[in-house]
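Order of listing sets the numbers, starting from 1, for every ligand and every atom in it. Atoms considered below: every heavy atom in the structure, side chains included; atoms not considered: hydrogens, waters and symmetry mates.
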Amino acid sequence: MYTAQMKELIKKVEATRSERLGVQFERMTPQEKEEVLQENHPDYKEENFRELRLGKNKGDKVPLELADLIEAKSRLENINIDLSKTNYDVDVLIIGGGGAGTAAALEATKKGAKVLLATKLRFGDANTIMAEGGIQAADKPEDSPAKHYIDVMGGGHFTNIPELVEALVKDAPEVIKWLNDFGVMFDKENDGRMITTHGGGTSIKRMHAAADYTGAEIMRVLRDEAINRDIEVVEFSPAVELLLDDEGKAAGAVLYNLETEEYLIAKAKTVILATGGAGRLHYQGFPTSNHYGATADGLVLGYRAGAKLIFADTIQYHPTGVAYPPQIFGALVTEKVRSIGATPLNIDGEQFVYHLETRDVEASAIIRECQIRKKGIKTPSGVEGVWLDTPLIDMLHGEGTLEKRVPGMLRMYQKFGIDMRKEPILVYPTLHYQNGGILINEHGETNVENLYVAGETSGGVHGNNRLMGNSLLDILVFGRRAGAHAGEKSKNI
Ligand code: MEZ
């Protein structure tokens, strides 16, 4: 499948492998890291961001593409709709049918609340199912929530809101147990203990995974659970605008049913926004690992209702998106492959960054290697990338490791005639995650009364850089918290 030129380059990588295997790789110095962050972090290009001119929170800085959406005319101004009619009247309206929304629905119903879950696409079509590598939780004797806390704060350069991080790490072991009890098929040793691995920026092996389809596996069980509990779901019905009462409190939403082309009025005592991220806006022209529905809906709805944003100008570029072949350009190459040993290499076969740095440093180093140091590899489709030395995994851990631990990745490449066990793959950063979003407190509440946010639409937990595996954790911790709180609060409204 590879061209002759690429075969030559692969030979070069192979020639340096035995040398590299024997070397204790040095991490980048703090000075080098600083240089990388300042010079070449994709977020740092000022011209790609704008301060918002409208709304209660004008002045917030966001990517241009998001600013355009937020400042676009409200959909309600363009349609003739009777807002006094009622199609649904519930205690808790949840907008978004991914992991955060479903976790919220499960907890809200436990409180006795009447719930409606409105999804833009099918129930379960969400970034949750795109999360492959794992979920973090300090549940081993050698680990602790305190150690997890320090890693998260460090990864976020101490810009995270401490109370939110505390909630995240404290609930984490309980969340893993909750999932395990529901039947998530986590990777386990023969004696039943969960297998955990390292991730970028984590000091201890605390990433729990279900092969390389962790998010899809989690979504499978949560969705089944919601269906079994008869939670009401309306599919293909994105929210067009939030409804506020006379005092400016959240009171429901207008939904647009894509199948019947009807506007539906959903009245609610409390509303939870759980619409996920914004990758499909392709900020700065980047490809994305996100699903098709990730178009910043919740950020726009929330902002227009007066919700405060935080760090909405910080976006995470996953260091390893597919650079080649073009048919899967930008798709995720899960961090799990680096967790178990794959290392990024330049055209000379040199390792230019420690393979388990935090994502901002790792992605910046790859961009620097290609754009500044001119040591990237030009693919036949014209884009640049660096090698990710995947055959090293089987060399380090034994034949069959790739097959067992990342079967999805292996198949994805095999389809294009590329065998990750025998040849390295070409990668380049891909737009992956909205680090910030709507500011929440530890219950998922926003500054707009009765409006909650959970998951990637929220902001504050990760500061300006999220650690790997903390997204699946975040959606479940704060989905559960928001659902429980909103369910309880609805009793008194
Ligand atoms: O947390 C993530 O974004 C994650 C684990 C992604 C991945 O590399 O699989």
Side-chain angles (χ1 to χ4, degrees), residues 98-100 126-137 148 151-152 155-156 168-169 172 175-176 179 184 186-187 195-202 205-219 276-279 286-291 294 314-322 328 330-342 344 355-363 366 388 390 393 402 405-410 412 420 425 427-437 455-456 461-463 465-478:
N127 271 348
T128 304
I129 61 169
M130 312 300 278
E132 298 173 353
I135 172 168
Q136 303 273 353
H148 191 179
D151 285 349
V152 179
L168 182 83
V169 301
V175 161
I176 297 292
L179 294 173
V184 169
F186 284 114
D187 295 348
I195 296 176
T196 49
T197 55
H198 269 296
T202 63
K205 292 181 181 176
R206 67 167 73 91
M207 187 169 73
H208 303 62
D212 57 357
Y213 37 78
T214 314
E217 170 62 4
I218 289 174
M219 196 66 240
F286 263 77
T288 186
S289 60
N290 284 194
H291 86 121
T314 75
I315 300 137
Q316 179 162 92
Y317 297 83
H318 194 292
T320 57
V322 173
I328 46 170
L332 185 68
V333 174
T334 176
E335 186 159 334
K336 190 164 178 191
V337 297
R338 276 180 295 122
S339 304
I340 53 179
H355 65 296
L356 287 177
E357 282 295 350
T358 52
R359 287 188 174 162
D360 50 356
V361 171
E362 196 88 19
I366 293 173
L388 189 61
T390 47
I393 295 174
L402 272 161
R405 308 295 293 281
V406 284
M409 283 283 112
L410 212 57
M412 176 172 89
M420 294 169 75
I425 54 177
V427 295
Y428 194 76
T430 185
L431 185 52
H432 185 60
Y433 189 78
Q434 176 86 40
N435 289 313
E456 196 171 341
V461 188
H462 310 291
N465 180 53
R466 175 176 68 79
L467 282 191
M468 70 89 62
N470 275 346
S471 169
L472 283 176
L473 180 60
D474 166 3
I475 61 174
L476 300 177
V477 166
F478 291 98

### Task
Start with the C-alpha gap between His462 and Asn470, add the side-chain angles, then the distance that decides, and say whether side-chain hydrogen bond (donor to acceptor under 3.5 Å, both in side chains) holds.
CA-CA 8 Å; His462 310 291; Asn470 275 346; 5.0 Å; no
### Task
State which residues pass ring pair (Phe, Tyr, Trp, His ring centres under 6.0 Å) with Tyr428; sequence neighbours excluded, sorted by chain then number.
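Ring pair (Phe, Tyr, Trp, His ring centres under 6.0 Å) check on Tyr428 returns nothing, list empty.
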### Query
So does Glu362 pair up with Arg359, basic N to acidic O under 4.0 Å?
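No, no charged N to carboxylate O under 4.0 Å.
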### Query
With Leu476, which of Val175, Leu168, Thr128 fulfils side-chain contact (heavy atoms from CB on, under 4.5 Å)?
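Of Val175, Leu168, Thr128, side-chain contact (heavy atoms from CB on, under 4.5 Å) with Leu476 is met by Val175 alone.
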### Query
Taking Asp187 for the side chain and His208 for the main chain, is one N or O donor matched with an acceptor at less than 3.5 Å?
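Judged by distance alone, no pair lies under 3.5 Å.
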### Query
Lys336 side chain to Arg405 main-chain N or O, any donor-acceptor pair under 3.5 Å?
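Yes; at least one donor-acceptor contact below 3.5 Å.
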### Task
Mind jotting down which protein residues get a heavy-atom contact under 4.0 Å with ligand 1? Chain and number order, please.
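Those residues closer than 4.0 Å to ligand 1 by some heavy atom are Glu132, Gly133, Gly134, His318, Leu332, Thr334, Glu335, Arg359, His432, Arg466, Met468, Gly469.
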